[in-house]
Colleague: 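Below: one structure in structure tokens.
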Amino acid sequence: MLSGAMAIATPHTFATPPTKTATDKEIVVTVQKLRATFESGVTRPAEWRLNQLRQLYRMIEDEEAKILAALKSDLGKCSAEGFIGETNMVMGEVKLMLKSLRGWMRTRTVSAPLTVQPAKAKIYPEPLGVALIIAPWNYPFQLAASPLAGALAAGNCAIVKPSEVAPATSAVFAELCKKYLDQSAVAVIEGGVAETTTLLEQRFDHIFYTGNGAVGRIVMAAAAKHLTPVVLELGGKSPCIVDRDVNLDVAVRRIAWGKFFNAGQTCVAPDYVLVHETVKKPFLDKLAEVVRDFYGDDPQQSPDYTRIVNARHHKRLSALLDSGKTFIGGKTDADDRYIAPTVLTDVSPDSPVMKEEIFGPILPVLTIASLDEAVRFVNDRDKPLALYVFSNDADRAQTVIDQTSSGGGCVNDCVMHLAPHELPFGGVGPSGMGAYHGKSSFDCFTHMKSVLHKPFMLDAPLRYPPYTDDKMKWVKRLS
Ligand code: NAD
């Protein structure tokens, strides 16, 4: 499968911006069409949901080569990273949904107190309605398809707006959804700010947005007008703390992989390292060795190294290279949108590279004298999307986890907390709100409707006025 995709992909032929976008009228009509479908009830039964999920799975299985080629065209992403970080992740999640959906959909009966007896208290998971999913460019397939799987599993209709910054994937996603999914319930609207703005003016029952916090605020303000619930999957600077006592061989490999996978354009990539001063030198030396092992002496020639998504981000990242002393890397090539895997030392916490989410292959390494100092450094800043701590001492690592707040993270690894589908994935504070993946995806597109079922018999008069002392005595006794 992978080799097939490799044959199709043309290295470094970047896609051009989308041409096929929707008019305002088409957007309004699409929302109306999906609402009519939802109101018909067709999307509610388990059979419809399972069928759509099977179709989504088939779509990826049958068209993987096409998807991987689009990712190559947008980001110069190799098929292995496309498979690991995009298609395979969605397929794994869909598989779990196919296995578990009937159980998740089941009505649950919970206990009811004596005061309401006889009665049954039930929770009915019901779909929210028509969802809007807005996706970013860095994992342009996965971050459109994975929330869509959640919306379908929960019995919703959905409009997906893929990122215009990854135009080839956006076009392929639109084409494939049309071919494989129920077109009366799923629509893909391609385009950028104009189309998203029109979409956000419509009333949705749920908005699921992945991207930067500035647009997150726009999305939330638009949602507030209709009191539409939102999930915001945002970013931030995810710290990576390396303790004095640590297995450097493994730690450095995992950190380098987490950072340079997708050329650092990963929301949960370690943004910067806080390394204990006693291991700084061996840590850096090992990092240089590992990067060479991964990508060779000239990473630009490596078939496994991704490119920067566009000229704007290339320029932004190139400007950050001056924030410290270049320990390794530093080479840039604007025509090839290439930035070498770069490690910066002597970085001031006030320098530009430490002021914004890097979202590229530049790793500042700062020194700490203790884990307490690392915890203070993290807690003085916005709550990150992920936090990583590496230590041979499980108690010391646990202390860092307990004393900091982040969307999620790993002890002795990076990024891999996204692998277990049962772990809810989301941010906290400025890194986002709400969570998804696996059952959490079902929950995030579902309303848990609580209903108390009562028979007409035994209508105890206790709750009705006049509230006599005698009645109140019984109410208190039964409560
Ligand atoms: P992007 O530029 O593709 O924007 C995201 C979406 O917002 C796109 O669909 C785009 O069309 C839309 N958009 C852009 N400007 C808009 C506007 N003014 N009004 C309405 N819609 C608009 O992607 P990005 O924001 O550059 O993505 C990178 C950011 O996303 C990083 O901060 C990263 O950490 C974060 N991210 C988070 C996750 C996560 O799961 N938490 C995953 C990936 C990326």
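Start at 1 and go down the list; that is how both ligands and their atoms are numbered. Residue indices begin at 1 and follow the sequence shown. Treat the numbers as computed from the prediction; the structure is a model and nothing was measured. What's counted below: heavy atoms across the whole structure, side chains too, no hydrogens, waters or symmetry copies.
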Colleague: Given the rule in the salt bridge (charged side-chain N to carboxylate O under 4.0 Å, His left out) test, do K77 and D304 qualify, once you have shown the distances and angles that lead to the verdict?
Modeller: CA-CA 8 Å; K77 195 181 292 221; D304 298 326; over 6 Å; no
Colleague: Could you tell me whether the side chain of S146 and the main chain of L143 form a donor-acceptor pair under 3.5 Å?
Modeller: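 No.
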Colleague: Can you check which of Q265, E164, E190 brings a heavy atom nearest to atom 10 (C) of ligand 1?
Modeller: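 The option holding the nearest heavy atom is E164.
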Colleague: May I ask you to list the atoms of ligand 1 that are less than 4.0 angstrom from any heavy atom of E233?
Modeller: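 The atoms of ligand 1 under 4.0 Å from a heavy atom of E233 are 37 (C), 38 (C), 39 (C), 40 (O), 41 (N).
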Colleague: Quiz question: by atom type and distance under 3.5 Å, do the side chains of Q300 and K331 form a donor-acceptor pair?
Modeller: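 Note: Q300 and K331 side chains meet the donor-acceptor criterion.
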Colleague: Checking a contact table here: which protein heavy atom is nearest atom 39 (C) of ligand 1, and how many Å away?
Modeller: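 Scanning the protein heavy atoms, the shortest distance from atom 39 (C) of ligand 1 goes to C267 SG, 3.4 Å.
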Colleague: Among D24, V29, T23, which residue meets the side-chain contact (heavy atoms from CB on, under 4.5 Å) test with E26?
Modeller: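 Considering D24, V29, T23, a side-chain contact (heavy atoms from CB on, under 4.5 Å) with E26 is found only for T23.
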Colleague: Starting from atom 23 (O) of ligand 1, find the nearest protein heavy-atom neighbour and note its residue, name and distance.
Modeller: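 Looking only at protein heavy atoms, the one closest to atom 23 (O) of ligand 1 is W137 CD1, 3.2 Å.
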Colleague: Who's the nearest protein heavy-atom neighbour of atom 28 (C) of ligand 1, and how far?
Modeller: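 I find the closest protein heavy atom is F359 CE2, 3.6 Å.
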Colleague: Tell me the protein heavy atom at minimum distance from atom 35 (C) of ligand 1, and give that distance in Å.
Modeller: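 Residue, atom and distance for the closest contact: G211 O, 3.4 Å.
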Colleague: Yes or no: does F425 have any heavy atom under 4.0 Å from an atom of ligand 1?
Modeller: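 It does; at least one heavy atom falls under 4.0 Å.
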Colleague: Give a yes/no verdict on whether any heavy atom in A135 is under 4.0 Å from an atom of ligand 1.
Modeller: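 The answer is yes, since A135 has a heavy atom less than 4.0 Å from ligand 1.
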Colleague: Can you list every pair that meets side chain to side chain donor-acceptor pair (under 3.5 Å) and has a residue in residues 229-243, with sequence neighbours left out?
Modeller: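 Counting only pairs at least two positions apart or across chains, the side chain to side chain donor-acceptor pair (under 3.5 Å) contacts touching residues 229-243 are K237-D271, D243-S391, D243-R396.
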Colleague: Using a strict 4.0 Å cut-off to heavy atoms of L385, name the atoms of ligand 1 that fall inside it.
Modeller: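 What qualifies from ligand 1 is 41 (N).
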Colleague: Considering only the protein, which heavy-atom contact is closest to atom 3 (O) of ligand 1, and what is its distance?
Modeller: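 Looking only at protein heavy atoms, the one closest to atom 3 (O) of ligand 1 is S163 OG, 2.6 Å.
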Colleague: Mark up the atoms of ligand 1 that fall under 4.0 Å of a heavy atom belonging to V215, in ascending order.
Modeller: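 Reading through ligand 1 atom by atom, the close ones are 7 (O), 13 (N), 14 (C), 15 (N), 16 (C), 20 (C), 21 (N), 22 (C).
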Colleague: What protein heavy atom sits nearest atom 34 (O) of ligand 1, and how far away is it?
Modeller: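 Looking at atom 34 (O) of ligand 1, the protein heavy atom closest to it is E357 OE2, 2.6 Å.
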Colleague: For I218, counting its heavy atoms only, list the atoms of ligand 1 lying under 4.0 Å from any of them.
Modeller: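 Close to I218: 18 (N).
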